[in-house]
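Per chain, numbering begins at 1; letters A, B, ... match sequence-line order. We use all heavy atoms of the structure for the numbers below, so side chains are in, but hydrogens, waters and symmetry mates are not.
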Amino acid sequence: MLTISNLKKSFSSGAGDVTAVKDVSFEARSGEMVAIIGPSGSGKSTLLSLLGLLDAPDSGSLSLDGKELASLSESERTHFRAKQVGFVFQQFNLIPNLTARENVMLSLEFANYPKAQRAARAEEMLTMVGLTGDKANRRPAKLSGGEQQRVAIARAFANQPPLILADEPTGSLDRATGQRIVALLRATATTQDATVLVVTHDESVAKQADRRLEIEDGVLREIA
Amino acid sequence: MNAITRGVKNTFRNSIRTVGIVAILTVAIALSISMLVARDAVNKKIESVRASTGNTISVSPAGFFGFSGGGTPLTTTQISDISSIRHVTSVTSTLTQRLTSSDTSLTAPTPSGSLGGQFSGGFGGSGGFPGGSSGTFTPPVRVVGTTTPGQALVGGANGGGTETLVSGSSFSGTSTADVAIVGKTLASTNSLKVGSTFTAWNTKITVIGIYNAQSTFANSDVLMPLATVQKLSGNANDVDSATVYVDSVDNVSAVQAKIKAQLGSAADVTNAQQQAEQQLAPLNSVKTISTYTLLGTVVGAGIILLLSMLMIVRERRREIGVLKALGAKSSSVMRQFIAEATTFTLLGSFFGFLIGIVLANPITSTLVTNASSSSSSGFSRDGGFPGGGFPGGSLPGGGSSGGFHFGARGFGHAITSVQTSIGFSTLLVALLIALLVAAVGSSVAVANIARVRPAEVLRSE
């Protein structure tokens, strides 16, 4: 269970302080897929940074399965990300000189997954997202956009984190591929009982989520 | 695949860049290795020369300067007084004379030749060697009266080495017998063997040994007991060169001062160390050049790698952010980039080392030769006694060619023969240099990695 309460984050800019996230509060259950939608500059990415512990909030509370995370130190946040959070990015962000399998194994390495089981686990995850045969040995440049995003999903879920954060996961894909990727995200979340938060501006993606939240000017509200 | 492996793998991510960086590092490290070897070789030579000349003082009559000087010979009494100075362990003396065809039955082995002919007009004056202004010049035979047979020609008049007996025996330093050991070239020319005799100053001299002193010129001499030469040449008690041995390098200056005080203006007293330092100036110059070049190339290699790694880190900023977002510790990412910088350095070191070893000897030789030739122009004149040539005129005061300047000539030849070698210490220093380059090259890049915030990966989406 992810619980957010009165989360706030401001940035300094030339025009003074800008509050990107204003007193955001919500909850998301395990196995639930929640879509966060909003226009550019509404605070989506900042909120995702806070939820993924890439950034620290100015105030508020953030807990996962009862553990308070907002006050963690930098090294504790790193440890938490490695073990408890999976990321799926719009641009896939695979390491270009590593194969699909090695990319998946990367998150297992950071999570201190048993060394001897990493290759098998990566293979299992790639098969789960539909990448079989020699594609596991291909570098990202030799895979299509959809296939790269599947590798990214396999990487995010590989060490079975309870929280998956997806930032515009279909933004670089065609509509049909995007639909399949979202379906895959949802199915994997259900299989692994993970909470999935998807930031998107694509209404069709948001409609596949269990719940939809809208953020505008840093203020979050639930929409029907 | 851990951070180190990823770092090594990343080295080959962009082949063109890899070749470029490694090529530049190779050139820099090859130059570093060459300079390191050159510096090491020159340093060893300097130490060796200093060690061999460090505790001696040369004493010669004031104004005595080979053919260019004159002066009044020192006396055995003066030399004897030097022996009693504190810290003096021994004193060796020589008196060098020349036997013209009217003084000896010997024939000089070396013909006058065109070089000798240049001097056949000789110096002005009377009582000179045969030939005189007529230009028909007969080279004399040089006789060295010495108290130290076996060391009389070392770095001496003929630039020879230690006389090594090839047959027969030597004489004692205090001998007064009419005996001689002759150079093998002179022996061959005159068909001399051990037991043969020849005449000098109308006296029958018996050959008791034949030596080899490593040069044709030195092997054309006759070595006889000092007392015998003094007696036969009519120069009783005369000495034209003495070498004073001091118990410690630390006492050389004090003893030199005492000798100067004792002999006053009658003698030129020079410290072998000072002479050595003069002759070692070119080598010291090479040492300085190689040291600065070594530092320059190491710093240059470090800067090249540093800029390359900065460029790489800048280019992979997003990737660093992704790794951190996925849970990689900063230290892990840093290790990856340090491994990459180290791999670049080791590749450059490997090729640079091979090329450096090949280039070390020619570079060292060129540096030493150039430095020596540029600093020895006034010196080669004194190294005279060219070929078989010899001034047809007189030598003032019957002056000889012995002493410092010929010695220096031999010295000069010796210092240019610097041998390079790659020892364990050189390898160790080269490895340390490589690690230093890698450390410098990756330091700023690593510091930049620490500053990359994982949140940037989302903001730049």
Before accepting this row, confirm whether a basic side-chain N of the pair Arg121(A)/Glu124(A) lies closer than 4.0 Å to the acidic partner's carboxylate O.
yes
Choice from Ile95(A), Thr78(A), Leu98(A), Asn97(A) maximising heavy atom contacts with chain B below 4.5 Å:
Asn97(A)
Main-chain N/O of Lys142(A) paired with Gln148(A) side-chain donor or acceptor, under 3.5 Å:
no
When the 4.5 angstrom heavy-atom criterion is applied to Arg77(A) and chain B, the contacting part is neither
With a 4.5 Å cut-off on heavy-atom pairs, point out which of Arg155(A), His79(A), Lys83(A) contacts chain B the most.
Arg155(A)
Is Arg17(B) salt-bridged to Glu340(B), going by a charged N under 4.0 Å from an acidic O?
no
Is the shortest distance from a Lys or Arg side-chain nitrogen in Glu216(A) or Lys22(A) to a carboxylate oxygen in the other one below 4.0 Å?
no
Look at Glu74(A), Met105(A), Arg81(A) and state which one has the largest set of heavy-atom pairs under 4.5 Å with chain B.
Arg81(A)
Side chain from CB out, backbone as N, CA, C, O: work out which of these in Arg101(A) comes under 4.5 Å of a heavy atom of chain B, or both, or neither.
neither
Step by step, would you call Arg6(B) with Glu109(A) a salt bridge (charged side-chain N to carboxylate O under 4.0 Å, His left out)?
CA-CA 12 Å; Arg6(B) 277 198 300 279; Glu109(A) 177 193 325; 2.7 Å; yes
